[in-house]
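Numbered from 1 within each chain, the chains take letters A, B, ... in sequence-line order.
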Protein chains: 2
Amino acid sequence: MIKVTVDHRAEEPPYLQLAGILRARIASGELAPGVMIPSITTLSQEYGVAVSTVRRSLGVLKAEGLIRTRPSWGTFVVPEAERPKN
Amino acid sequence: MIKVTVDHRAEEPPYLQLAGILRARIASGELAPGVMIPSITTLSQEYGVAVSTVRRSLGVLKAEGLIRTRPSWGTFVVPEAERPKN
DNA sequence: TGAAATTTGTGCGTATGTATT
DNA sequence: GAATACATACGCACAAATTTC
């Protein structure tokens, strides 16, 4: 475990910090395919950042193909086999 | 000329409409490398959408490699030779 | 020297819409 | 109908870098 919180005073912007934290939680297997990712609102409260900041973090991971969001359903980890390489 | 305004009542969200409009202006050569792209604030007023919406549109074009933003300087069209194909 | 204006980057809060449960 | 959850949009504020005067 390296980073577990968002530091608002660090140089790296919170949305990138949170993206990194979630990326690590996925890599570690804690957040795995089939496991429901905490809702945006929950993540917002957990990490003390705004909802829009969480959305931005998820946007990063979505662009990486790590997660997939289903409107009015939730956010999911993409199975490793389906992730774009690179 | 096909689309020149953003329709808030259309199905396509404004940020995608604006991205399409700017993409067309680039494709037509009106916005070319070396020509200064209107600032986010200007685009916001021109098209009647919020600054944050313009930013989102530019984010789409940036992801496509069509434009490049330089903080405290402006936004530029990427020369065709330097654009990623596909 | 330096102050003001400009421009992008980032963050927050709020509202509305739509789909699911 | 109510609660939940994501999608989109808006407006505001501040920071940092650059340009201009």
Side-chain angles (χ1 to χ4, degrees), chain A residues 3 5-23 25-26 31-78, chain B residues 3 5-23 25-26 31-78:
Chain A
K3 260 191 315 186
T5 59
V6 170
D7 179 5
H8 287 260
R9 296 169 52 196
E11 271 200 31
E12 193 180 27
Y15 85 94
L16 286 182
Q17 288 183 51
L18 179 52
I21 292 171
L22 295 177
R23 201 182 290 113
R25 289 178 66 178
I26 291 173
L31 296 177
V35 178
M36 176 72 92
I37 285 192
S39 79
I40 291 179
T41 310
T42 304
L43 290 173
S44 160
Q45 295 168 342
E46 261 182 37
Y47 290 101
V49 294
V51 166
S52 24
T53 303
V54 175
R55 292 191 49 73
R56 200 166 180 186
S57 304
L58 295 184
V60 172
L61 302 183
K62 212 169 358 174
E64 295 172 0
L66 271 183
I67 62 172
R68 203 169 288 156
T69 52
R70 284 179 51 187
S72 47
W73 231 96
T75 304
F76 301 88
V77 175
V78 174
Chain B
K3 260 191 315 184
T5 59
V6 170
D7 178 4
H8 286 260
R9 296 169 51 195
E11 271 200 32
E12 193 180 26
Y15 85 96
L16 286 182
Q17 288 183 51
L18 180 52
I21 291 171
L22 295 177
R23 201 182 290 114
R25 289 177 68 178
I26 291 173
L31 297 179
V35 179
M36 177 70 93
I37 284 193
S39 77
I40 292 177
T41 310
T42 304
L43 289 173
S44 161
Q45 295 170 342
E46 262 182 35
Y47 290 101
V49 295
V51 167
S52 24
T53 303
V54 175
R55 294 191 51 74
R56 198 167 181 184
S57 303
L58 295 185
V60 171
L61 301 183
K62 215 173 348 178
E64 294 172 0
L66 272 181
I67 63 172
R68 205 168 286 156
T69 52
R70 284 180 49 189
S72 53
W73 185 256
T75 304
F76 301 88
V77 176
V78 174

* Asked: OP1 or OP2 of D:dC10 sitting under 4.0 Å from any side-chain N/O of B:H8?
  -> yes
* Give a yes/no answer on whether the side chain of A:K62 brings an N or O atom under 4.0 Å of OP1 or OP2 in D:dC6. => no
* Asked: Quick one: B:Q45 CD to D:dG11 P, roughly how many Å, whole number?
  -> 11 Å
* Nearest-Å distance, CZ (A:R68) to C1' (D:dA5)? -> 18 Å
* Asked: Could you state the CD1-C1' distance from B:I40 to D:dG11, rounded to the nearest angstrom?
  -> 15 Å
* Protein-nucleotide distance (B:L18, atom CG; D:dT8, atom P), rounded to Å -> 15 Å
* Residue pair A:L18 / A:V60, side-chain heavy-atom distance below 4.5 Å -> no
* Rounded to whole angstrom units, what separation is found between the CZ atom of B:R56 and the P atom of D:dC10? -> 11 Å
* Structure fact -> Here the distance between atom C1' of C:dT7 and atom CZ of B:F76, to the nearest Å, is 10 Å
* Structure fact -> For A:A50 and A:S44 the tightest heavy-atom approach is C-OG, 3.9 Å
* Which is true for A:S52 with a 4.0 Å heavy-atom rule: it touches a base, it touches only sugar-phosphate, or it touches nothing? -> base
* Asked: For the atom pair CD (B:Q17) and CD (B:E11), what is the distance rounded to the nearest 0.5 Å?
  -> 10.5 Å
* Nearest-Å distance, CZ (A:R55) to P (C:dT10)? -> 17 Å
* Give the rounded distance in Å between these two atoms: OH of B:Y47 and P of D:dC10. => 15 Å
* Does a side-chain N or O from A:T69 land closer than 4.0 Å to OP1 or OP2 of D:dA7, or not? -> yes
* Asked: In Å and rounded to the nearest 0.5 Å, what is the CD to OG1 distance from B:Q45 to B:T41?
  -> 7.0 Å
* Looking at B:V77 and B:L31, what are the two nearest heavy atoms and their distance? -> CG2-O, 3.7 Å
* Select one nucleotide: of C:dT10, D:dA7, C:dT8, the one nearest the side-chain heavy atoms of B:T75. => C:dT8
* Asked: Contact class for B:V49 (heavy atom, under 4.0 Å): base, sugar-phosphate, or nothing?
  -> sugar-phosphate
Can you check nucleotides 19-21 of chain C for protein contacts, nitrogen or oxygen pairs under 3.5 Å, and list what you find?
from	atom 1	to	atom 2	distance (Å)
C:dA19	O4'	A:S72	OG	3.1
C:dT20	O4'	A:S72	O	3.3
C:dT20	O3'	A:W73	NE1	2.8
C:dT21	OP1	A:W73	NE1	2.7

* **Nucleotide nearest B:A50 (side chain, heavy atoms from C-beta), chosen from D:dC10, D:dA7, C:dT10** => D:dC10
* To do: Hey, could you give me the NZ/OG1 distance between B:K62 and B:T75, rounded to the nearest 0.5 Å?
  => 7.5 Å
* Asked: Does some side-chain heavy atom of A:I26 sit less than 4.5 Å from a side-chain heavy atom of A:I67?
  -> yes
